[in-house]
Number of protein chains: 2
Amino acid sequence: MTTLVDVAKKANVSKMTVSRVINHPDKVTDELKQLVYQAMRELDYHPNMIAKALVNKSTRIIKLCILEDIDTTEPYYMNLMIGIAKTLDLHQYSLQLVTRKNFDIGNCDGYIITGMREQDVDWINNLKKPVVIFGENRYGFDYVDTNNKAGTYLLAQLALEKGYERLIYVGIDSKESFEYSREAGYLQQVQEKRMMPELHRFGNHSHLAEEFVRDNWDDITKNTAFICASDRLAIGIERGITRCGGKIPDDFGVTGFDGVFLNQVASPKITTIKQSIIEMGSACGENLLDKIDTNAKQGALVFEPKISLGGTLRE
Amino acid sequence: MTTLVDVAKKANVSKMTVSRVINHPDKVTDELKQLVYQAMRELDYHPNMIAKALVNKSTRIIKLCILEDIDTTEPYYMNLMIGIAKTLDLHQYSLQLVTRKNFDIGNCDGYIITGMREQDVDWINNLKKPVVIFGENRYGFDYVDTNNKAGTYLLAQLALEKGYERLIYVGIDSKESFEYSREAGYLQQVQEKRMMPELHRFGNHSHLAEEFVRDNWDDITKNTAFICASDRLAIGIERGITRCGGKIPDDFGVTGFDGVFLNQVASPKITTIKQSIIEMGSACGENLLDKIDTNAKQGALVFEPKISLGGTLRE
DNA sequence: ATCCTCAATATTATCGGTAACAAATTATTC
DNA sequence: GAATAATTTGTTACCGATAATATTGAGGAT
């Protein structure tokens, strides 16, 4: 392994100059800088992160804290982890998976938190290290998420374009920010078209949505599309309609949200919002590392939603 | 953060003595050792891994090299990674995901390799850092795997106990060690019972197994059980039998192998071997870290298979 | 020419450990 | 009981980087 000193010798400067070329290039004359760059190239120099970490008193560990229950059959967290790990590995950081319980065991340089709820706010505010939240929030924490509002807005728009005349929103019975945003997207679309909003909320289980359809089958007129807040609910609606003898997509439309795994099981596949969780995970990592380096607020990083066409809307 | 020096002061010894208590406790008198332990406890001392890494010229990075294509919807690799990461995090190592292509970018302390084939042997032999293979092999590399032979042996035994009178083995058309072992398990069971072995091999796709059933439906007598080398093949067999009007499990039995995700989609669920990939991943990590510390061969670590009962065998 | 700035570069100390060597203590031998 | 060997503990140097401080040298003012 070539070190600073090797480069310094080759360039005929002190090792401090080499260090400065890397960390404060503006404080070195161009002439020397060129010499140093040249030497670094010739020796294929890569800084030793461990030495850096030692003097910076850093750990090169990032903790990923998942506050909700993990369903390992959902590739959601797999993708999130892959995305985060990709970035962290690139910078030679190590990812540590923690829960709220073992959160405080061992040091780290920063946190990525997902599944945050209102009750976690105080706790997060008191953390001493940089934090990035995966999932939108309204408490001013830096976060990365899909544009939830735009997602339902676009799906509702698409449903209307396909000729469905009534839009029923099927939401998740929860006070989380993403749910409000998804409702807001639906509402905005419906209001722009001067339609009657119809909202229902359930726990995020397919059978609850299915029951809803069966219980209200008589009131569900043909040419209705259901804008659902999750694929899970959408699958329940789809099943309910099919069991009641309704025809998808001819007489009824269904849209979901999330579309990672569940969609593979549904038939026909749900028209839904496809989130690039891997990419978003990477972004979480990048944001957090930036924040650690510069100590600067990162703000919100919002990914624009992409519609994944299934067979639950016409055409 | 308390350091060696803090502990040394408190215990009234030199920091070298503290270091020795940690790394070479046999070279320190019990008396001093007790003093030092006491001080460490009182100050809640945890060694700084980064400093350790610097002086040991280690990177605290382990590369996980997956040589086959990753299907992110299969929780297989997710679980493997979770298992490995769990162990590595505990020891403050960082996991880096690499492919054969970007394998040489950046340093590391050791490798975990999965999906190894014959053609990779020379390459692995030439690696300069400790290696543990995930998946059995016959080239003397340290590895972690399920006892593949015992798996099919047990499933075949179970099928016979349930009264199926003919056992057909449906294997994967590949020269990999695990496949030979699974065949061997079936063969041993069949030979012990002095039955005629019947082996078939296909690429690992459900539709190939399904076609096989349809093409040979006339020759497939009632009361036959299919011992398959993978869940994927088992699902194909299951579908083939059902489509041909056969009754599972009354007239036909099916067993699989692996049972991570696919099994959730099958109906009825396949009776298969359940592998605790997470645990095996942890074991890979432990083995590798041991190997890095002690430089000693770890040998093979074989997990005994557990049968996961589905609905594809009688009773 | 002398003194003073200010910028560019070099030197030194430090992060928290460990190995190699030196010193001190104890045990063994004749 | 002195000489020597063996064991235990302490000192020093070093791993590879960076911050703080010291040094050098060029240009400006007097």
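To find a chain, count down the sequence lines: A is the first, B the second, and so on, and within it residues start at 1.
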For a quick test of reading the model, state the closest non-hydrogen atom pair linking A:Gly299 to A:Asp142 and the distance between them. N-OD1, 2.8 Å
Please round to the nearest 0.5 Å and tell me the distance separating atom CD1 of A:Ile66 and atom CE of A:Met116. 15.5 Å
What's the spacing between B:Ser58 OG and B:Asn107 CG if we round to 0.5 Å? 10.5 Å
How close do B:Thr3 and B:Tyr45 get, counting heavy atoms only, and between which atoms? C-CE1, 3.6 Å
Per the end-axis method with five pairs at each terminus, what is the bend angle of the helix from C:dA1-D:dT30 to C:dC30-D:dG1, to 10°? 60°
State whether B:His24 places a side-chain N or O below 4.0 Å from either non-bridging phosphate oxygen (OP1 or OP2) of C:dA19. yes
Quick one: B:Glu31 CD to D:dT7 P, roughly how many Å, whole number? 19 Å
Side-chain ion pair, A:Asp6 and A:Lys9, N-O less than 4.0 Å: no
So B:Phe178 and B:Thr146, side chain to side chain contact (heavy atoms under 4.5 Å, CB included) or not? Walk me through it. CA-CA 9 Å; B:Phe178 74 87; B:Thr146 301; over 6 Å; no
Between C:dT18 (P) and B:Lys27 (NZ): distance, integer Å: 15 Å
Classify the ring geometry of B:Phe103 against B:Trp123: parallel below 30°, tilted from 30° to 60°, perpendicular beyond 60°. perpendicular
Over how many whole Å does the gap from A:Asn107 atom CG to C:dC15 atom P extend? 17 Å
How does protein reach along nucleotides 10-17 of chain D, written 5' to 3' as B (base within reach of a heavy atom under 4.0 Å), S (only sugar-phosphate), or - (no contact)? BB---BBB
Under the salt bridge (charged side-chain N to carboxylate O under 4.0 Å, His left out) rule, what do B:Glu176 and B:Arg117 come out as? Steps first, then yes or no, please. CA-CA 7 Å; B:Glu176 293 188 57; B:Arg117 315 201 169 195; 3.8 Å; yes
